[in-house]
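Note that ligands are numbered from 1 as they come in the structure, with each ligand's atoms numbered from 1 the same way. In what follows, every heavy atom counts, from backbone to side chain, and hydrogens, waters and symmetry copies are set aside. The model shown is predicted, which means the values in this text are computed figures rather than measured ones.
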Amino acid sequence: MKPKIAIIICGLSENRQFVTNSYIQAIHHSGGLPLIIPLIKSNVAIQEYISLCDGFLFCGGGDITPLLFGQEPLDKLGETDITLDIFQLRFMRHVLLSGKPILAICRGMQLLNIACNGTICQDISLKQKDCLNHMQRSSRKDISHKIITKSGTLLHRLIGKIVYTNSFHHQTVDRLGKGIICSANTSDGIIEGIELHNHSFAVGVQWHPEAMYHSTPVMRKLFFSFIHMSSLIHE
Ligand code: MN
């Protein structure tokens, strides 16, 4: 049996819940069985989904309501949806308690940090003036900037020291959560990767590896490793 990979719902649109196709395909092509987890306001349902699945993918999306990390909204905050935020945060905290593998992409990485009581900078320009453009205007599959991973981290072992990635974010992880370490930065010091210390696989990346899946072997390796770790839990 393939490891069952929960893809937590990316967003809500009018009366629909959705997951972007590239995440589903990346899990499928990496040998996982993708299962889409809907927003249901029930801790019992969340626990059942966590028991059912072997690995958990948290996707990109809009901004997270700052009240959930102890801040008031600032001028450059983008669109938020507190219903989705509370659900995903609750789901993330339950998954963390289970110890099962987590791959957290873009917004998902920020969610991982908040779930561990870290904070988010609501717009990169509020943190520092001189920074790279982290919101590229080219295709999602195109590289935009370089990241440098930190030796000794899981991410470094998985993808190597220097990787070129895409970049579609205007926010950034600010104060690291409890047990969270920074695993990668860009040259301007912005955090591009985090992971949970003392966890088999709780990896967050600020870029979108699913959009570079077909063009870039190291992005496939990231997904393969996630699925592999999930398969170990499964056995
Ligand atoms: Mn970036």
Inset, instruction - For the residue pair Gln25 and His214, confirm or rule out a side-chain donor-acceptor distance under 3.5 Å. - result: no
Inset, instruction - Before giving the answer on side chain to side chain contact (heavy atoms under 4.5 Å, CB included), spell out for Ile27 and Tyr23 the whole-Å C-alpha distance, their side-chain angles and the decisive distance to 0.1 Å. - result: CA-CA 6 Å; Ile27 296 299; Tyr23 297 105; 5.7 Å; no
Inset, instruction - Confirm or rule out an N/O/S atom of Thr165, from backbone or side chain, lying less than 2.8 Å from the Mn ion (ligand 1). - result: no
Inset, instruction - Angle at the Mn ion (ligand 1): provide the value between OG of Ser167 and NE2 of His145, rounding to 10 degrees. - result: 90°
Legend entry - Residues Asp188 and Gln128: side-chain donor-acceptor under 3.5 angstrom: no
Legend entry - Opening angle at the Mn ion (ligand 1) [ND1, His134; OE2, Glu192; to 10 degrees]: 90°
Legend entry - Nearest-0.5 Å distance, CG of residue Leu77 to CD of residue Glu72: 11.5 Å
